[in-house]
**Student:** 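Submitted below is the structure of interest, expressed as structure tokens.
As the structure lists them, so they are numbered: ligands from 1, and atoms in each ligand from 1.
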Amino acid sequence: MEKFDLIVIGGGPGGYEAALEASKVYGMKVALVENRELGGTCLNRGCIPTKTLLHTAELLYDLKQHGETIGLKDFQNTTCDMAALHQRKNDVVGQLVSGIGSLMKAGKVTVYNGLGTILSSDLVKVTLNEGGAMDLETDNILIATGSVPAVPPIPGADSPKVITSDELLDLDHPIDELVIIGGGVIGCEFASVFNALGTKVTIIEALPSIIANLDKEIGRSLSMILKKNRGIDIHTGAMVTAIEDDGNKAVCVYTEKDQECRVPGDLILMSVGRRANTSGLFSDDSSDVVKAIEMDRGKIIVNERYETNAPGIYAIGDVIGGIQLAHVATAEGRCAVAFMNGAPAPVDINTVPSCIYTSPEIASVGLSADEAKEKGIEVVSKKYPMSANGKTVLSLQERGFIKVIADKETGRILGAQMMCARATDMISQFAQAVANGLTLKDMSKVIYPHPTFSEGIGESVR
Ligand code: FAD
Ligand code: NAI
């Protein structure tokens, strides 16, 4: 029986990066078990395919919205060929998946295509996709099995017209009307894509605001832009009670301000969060120690070293809940591998930038002013409107802002929230500042090139 130092189960951004790090940095003999495609949700059904669609959708929107203003002619008949866009998305994904395969080979990680089931702390059974099964011995196991879309038990939600992001990403034809249940990150990104492609979009959100977990001003501003500038219907404080089928369309029935309302859709996207994926990970043949691994509503519980209550079995990424982002899964995987080897954490896991790829883009890191207040920290809060930024004006971007929160006494930067073009790229500057304890003065020492969006950062810290 082949023996490894580490078996990683799940080849998403958490698992494959951890496998590489374990092999390359710590010299471990590593196996990676993946039962679908390498790259996981992020590469195959998440980050990459959504942003590929967004790229095309936003180009089309900009052309139609601003083409004439910027001196372009004869584009009014430009439409999106959905089949070609679907193919483009598959090509991008295919290219990157095969790149990960090469990385694994170069990094001397042995990849098994099959379902990994943990039998004991030192034994993993792999049910191979090509047929048959094999047992692998190991000193350590890292669970990185990710998450899948959650579908709440709303009557009618089992209709084939009610889909999740997985199926919507596979759509290869245009639709007239899309209803989105859940105005969180997935809901708002898909609303941007389909609205730009010419679909009538309605968002139904249970909470009083869309993107409710971010700075309140961001939710309010995004809502206004999506409604007024883009014509997206947004219903907040609205509870979906049922989904019906009128023979032609699915009809979403919801209650808003005590009124029962209905909105039809060719498709209804269910984007109300994701649940940890542990299907097939344990079996009746698993040892008592493995069966006793602690879970909380399906999520695997770990300690600060990412180790479960079964010694030698670690878990990271979406399957442990917390912040479900690709770069968080990667950072947790790298930390878990370091801890297995008695090394310190290689990244600051407490400074997590989070990005939303709407138009304008949204990005945040560290504390917001409200969060700092709740913690009893006295802060200075600075805000720079991007309507004064030359690059924003010349490229006809939506108005936006950059907010910086710093400790009142020391000037140390505690957090930033941005809503403007290229926010998702620029937030890393603030992540550097927060992780390394930089002050407003430190950040304002730098010369920001002109004309750039990043000049807004320079202005915001002065
Ligand atoms: P996953 O990426 O889910 O990978 C887990 C892998 O494990 C899967 O490939 C699965 O097949 C495999 N697996 C499961 N069980 C077994 C088993 N028993 N044996 C073998 N293999 C198994 N995050 C961002 O940071 N930025 C974004 O822009 C972004 N956009 C997103 C858009 C959408 C539509 C979605 C759905 C998610 C998005 N995310 C984004 C979130 C991101 O995709 C996840 O946080 C990330 O993929 C989690 O990584 P992971 O390694 O924990 O798990
Ligand atoms: P989410 O947690 O961001 O949003 C779900 C929304 O649905 C919430 O606002 C919630 O109030 C609402 N909701 C829940 N039940 C509802 C109901 N019955 N009726 C109406 N509204 C309801 O989850 P989402 O959007 O599914 O995304 C899952 C995860 O994927 C995110 O937490 C994020 O970590 C990740 N993701 C990240 C992206 C990025 O980084 N750009 C892009 C897409 C996803």
Side-chain angles (χ1 to χ4, degrees), residues 8-18 32-51 53-54 112-118 124-127 129 143-154 157 164-166 168-169 180-190 203-214 219 235-241 252 254 269-283 315-330 332-333 352-358 361-363 424:
V8 179
I9 306 180
Y16 83 75
E17 293 273 11
L32 175 65
V33 186
E34 168 58 59
N35 67 334
R36 295 182 71 176
E37 309 84 7
L38 287 175
T41 304
C42 169
L43 183 39
N44 297 282
R45 298 170 294 283
C47 326
I48 297 296
T50 48
K51 276 65 195 181
L53 300 189
L54 261 166
Y112 292 91
N113 302 118
L115 183 79
T117 303
I118 305 175
V124 171
K125 174 180 166 184
V126 183
T127 308
N129 291 348
I143 303 171
T145 48
S147 65
V148 290
V151 178
I154 297 170
T164 69
S165 53
D166 288 358
L168 194 52
L169 281 170
I180 297 177
I181 303 180
V185 204
I186 292 185
C188 288
E189 288 189 356
F190 274 107
I203 298 176
I204 316 278
E205 165 59 50
L207 293 176
S209 160
I210 57 169
I211 312 280
N213 60 343
L214 281 189
H235 300 273
T236 50
M239 281 310 295
V240 178
T241 52
C252 184
Y254 62 96
L269 170 67
M270 194 66 89
S271 50
V272 297
R274 293 177 61 83
R275 64 175 173 81
N277 177 19
T278 52
S279 77
L281 190 59
F282 310 115
S283 84
I316 52 103
D318 278 13
V319 75
I320 64 167
I323 306 174
Q324 294 179 313
L325 294 175
H327 43 283
V328 173
T330 299
E332 290 174 349
V352 176
S354 101
C355 300
I356 307 179
Y357 298 78
T358 44
E361 292 183 341
I362 293 166
T424 63

**Student:** In the protein, what heavy atom is nearest to atom 7 (O) of ligand 1, and what distance, to one decimal place, separates them?
**Tutor:** Gly10 CA, 3.2 Å
**Student:** In the protein, what heavy atom is nearest to atom 53 (O) of ligand 1, and what distance, to one decimal place, separates them?
**Tutor:** Gly146 CA, 3.1 Å
**Student:** Gln324 to ligand 1: N or O pair under 3.5 Å?
**Tutor:** yes
**Student:** Between Cys42 and Ala326, what is the shortest heavy-atom contact and its length?
**Tutor:** SG-CB, 3.8 Å
**Student:** Please indicate whether any nitrogen or oxygen in Ser165 is less than 3.5 Å from any nitrogen or oxygen in ligand 1.
**Tutor:** no
**Student:** Among Asp318, Ile323, Ile320, which residue meets the side chain to side chain contact (heavy atoms under 4.5 Å, CB included) test with Glu332?
**Tutor:** Ile320
**Student:** For atom 15 (N) of ligand 1, what is the nearest protein heavy atom, given as residue, atom name and distance?
**Tutor:** Thr145 CG2, 3.3 Å
**Student:** Using every non-hydrogen atom in the two residues, find where Leu325 and Ser354 come nearest and quote the distance to one decimal.
**Tutor:** CD1-CB, 3.9 Å
**Student:** Mark up the atoms of ligand 1 that fall under 4.0 Å of a heavy atom belonging to Gly317, in ascending order.
**Tutor:** 52 (O)
**Student:** Any sub-3.5 Å donor-acceptor pair from Ser271's side-chain atoms to Gly182's backbone N or O?
**Tutor:** yes
**Student:** In ligand 1, which numbered atoms sit nearer than 4.0 Å to a non-hydrogen atom of Cys42?
**Tutor:** 2 (O), 43 (O), 47 (O)
**Student:** Give the atoms of ligand 1, by number and element, whose distance to some non-hydrogen atom of Asn277 is under 4.0 Å.
**Tutor:** 14 (C), 15 (N)
**Student:** Are Thr358 and Ile211 close enough, and set up right, to give a side chain to side chain contact (heavy atoms under 4.5 Å, CB included), and what steps lead you there?
**Tutor:** CA-CA 11 Å; Thr358 44; Ile211 312 280; 5.9 Å; no
**Student:** Taking both backbone and side-chain atoms of Gly46, is any N or O found less than 3.5 Å from an N or O belonging to ligand 1?
**Tutor:** no
**Student:** Side chain or backbone of Ile9 under 4.0 Å from ligand 1, or both, or neither, by non-hydrogen atoms?
**Tutor:** side chain
**Student:** Is atom NZ of Lys51 surrounded by more than 12 heavy atoms (other residues, nucleotides or ligands) closer than 6.0 Å?
**Tutor:** yes
**Student:** Taking all atoms of both residues into account, what is the closest heavy-atom pair of Gly40 and Arg45, and its distance?
**Tutor:** C-NH2, 3.8 Å
**Student:** Pairs of nitrogen or oxygen atoms closer than 3.5 Å, one from Ile186 and one from ligand 1: do any exist?
**Tutor:** no
**Student:** Nearest protein heavy-atom contact for atom 19 (N) of ligand 1: which residue, which atom, what distance?
**Tutor:** Gly116 N, 2.8 Å
**Student:** Thr117 side chain to Gly280 main-chain N or O, any donor-acceptor pair under 3.5 Å?
**Tutor:** yes
**Student:** Show which atoms of ligand 1 fall inside a sub-4.0 Å distance from at least one heavy-atom site of Ala144.
**Tutor:** 5 (C), 6 (C), 7 (O)
**Student:** Does Asn35 offer a backbone N or O that forms a donor-acceptor pair with the side chain of Asn129 under 3.5 Å?
**Tutor:** yes
**Student:** Just to confirm my output: which protein heavy-atom neighbour is closest to atom 36 (C) of ligand 1, and how far is it?
**Tutor:** Arg274 NH1, 3.2 Å
**Student:** Distances only, to 0.1 Å: what are the N or O pairs between ligand 2 and the protein that fall under 3.5 Å?
**Tutor:**
unit_1: ligand 2; atom_1: 3 (O); unit_2: Val185; atom_2: N; d: 3.3
unit_1: ligand 2; atom_1: 9 (O); unit_2: Glu205; atom_2: OE1; d: 2.7
unit_1: ligand 2; atom_1: 9 (O); unit_2: Glu205; atom_2: OE2; d: 3.2
unit_1: ligand 2; atom_1: 11 (O); unit_2: Glu205; atom_2: OE2; d: 2.6
unit_1: ligand 2; atom_1: 21 (N); unit_2: Ala206; atom_2: N; d: 3.2
unit_1: ligand 2; atom_1: 23 (O); unit_2: Gly273; atom_2: N; d: 3.4
unit_1: ligand 2; atom_1: 25 (O); unit_2: Val185; atom_2: N; d: 3.3
unit_1: ligand 2; atom_1: 25 (O); unit_2: Ile186; atom_2: N; d: 2.9
unit_1: ligand 2; atom_1: 26 (O); unit_2: Gly273; atom_2: N; d: 2.9
unit_1: ligand 2; atom_1: 34 (O); unit_2: Gln324; atom_2: O; d: 2.5
unit_1: ligand 2; atom_1: 40 (O); unit_2: Cys355; atom_2: O; d: 3.2
unit_1: ligand 2; atom_1: 41 (N); unit_2: Glu189; atom_2: OE2; d: 2.8
unit_1: ligand 2; atom_1: 41 (N); unit_2: Cys355; atom_2: O; d: 2.7

**Student:** Nearest 0.5 Å, what's the CG-CD1 distance between Leu168 and Ile180?
**Tutor:** 7.5 Å
**Student:** Hey, which atoms in ligand 1 end up nearer than 4.0 Å to a heavy atom of Leu325?
**Tutor:** 23 (N), 24 (C), 25 (O), 45 (O)
**Student:** Assess whether side chain to side chain contact (heavy atoms under 4.5 Å, CB included) is satisfied between Leu207 and Thr236, documenting all intermediate values.
**Tutor:** CA-CA 6 Å; Leu207 293 176; Thr236 50; over 6 Å; no
**Student:** If you take all heavy atoms of Ser165 and Arg274, which pair is closest and at what distance?
**Tutor:** OG-NH1, 4.4 Å
**Student:** Quick check: Thr41 and ligand 1, any N/O pair under 3.5 Å apart?
**Tutor:** yes
**Student:** Which of the atoms of ligand 1 are close to Tyr357, meaning less than 4.0 Å from one of its heavy atoms?
**Tutor:** 28 (O)
**Student:** Out of curiosity, Ile9 CD1 to Leu281 CG, how far, rounded to the nearest 0.5 Å?
**Tutor:** 5.5 Å
**Student:** Ligand 1 versus Pro149, non-hydrogen atoms closer than 4.0 Å: side chain, backbone, both, neither?
**Tutor:** neither
**Student:** Output all residues satisfying side-chain contact (heavy atoms from CB on, under 4.5 Å) with Thr424, sequence neighbours left out; order by chain, then residue number.
**Tutor:** Cys355, Tyr357, Glu361
**Student:** If you have a sec, work out which protein heavy atom is nearest atom 31 (C) of ligand 1 and how many Å separate them, to one decimal?
**Tutor:** Cys47 N, 3.5 Å
**Student:** Out of Arg36, Glu34, Glu17, who is nearest to atom 10 (C) of ligand 1 when you count heavy atoms only?
**Tutor:** Glu34
**Student:** Heavy atoms, side chains only, cut-off 4.5 Å: are Asn277 and Val319 in contact?
**Tutor:** no
**Student:** Show the nearest heavy-atom pair for residues Glu34 and Gly11, with the distance to one decimal.
**Tutor:** OE1-N, 2.7 Å
**Student:** Atom 22 (C) of ligand 1: which protein heavy atom is closest, and how many Å away?
**Tutor:** Asn35 OD1, 3.3 Å
**Student:** Determine, stepwise, if the pair Leu169 / Phe190 fulfils side chain to side chain contact (heavy atoms under 4.5 Å, CB included).
**Tutor:** CA-CA 9 Å; Leu169 281 170; Phe190 274 107; 3.8 Å; yes
**Student:** Does the N or O separation between Lys51 and ligand 1 drop below 3.5 Å for any pair?
**Tutor:** yes
**Student:** Is it true that a side-chain atom of Thr145 and a backbone atom of Gly10 form a donor plus acceptor pair closer than 3.5 Å?
**Tutor:** no
**Student:** Counting both backbone and side chain atoms, is some N or O of Asp318 under 3.5 Å from an N or O of ligand 1?
**Tutor:** yes
**Student:** State if Gly114 counts as touching ligand 1 under the rule of any non-hydrogen atom under 4.0 Å.
**Tutor:** yes
**Student:** Which residue and atom name correspond to the protein heavy atom nearest atom 25 (O) of ligand 1, and how close is it?
**Tutor:** Ala326 N, 2.9 Å
**Student:** Would you say ligand 1 has an N or O under 3.5 Å from any N or O of Val319?
**Tutor:** no
**Student:** Using a 4.0 Å cutoff against the non-hydrogen atoms of Gly40, which atoms of ligand 1 qualify?
**Tutor:** 2 (O), 4 (O), 8 (C), 9 (O)
**Student:** Taking Leu38's backbone N and O only, do any of them form a donor-acceptor pair with Asn44's side chain (distance below 3.5 Å, no angle check)?
**Tutor:** yes
**Student:** Quick one: which ligand 1 atoms are inside 4.0 Å of a heavy atom on Gly14?
**Tutor:** 51 (O)
**Student:** Which heavy atom in Cys252 sits nearest to a heavy atom in Ile204, and how many Å separate them?
**Tutor:** SG-CG1, 4.4 Å
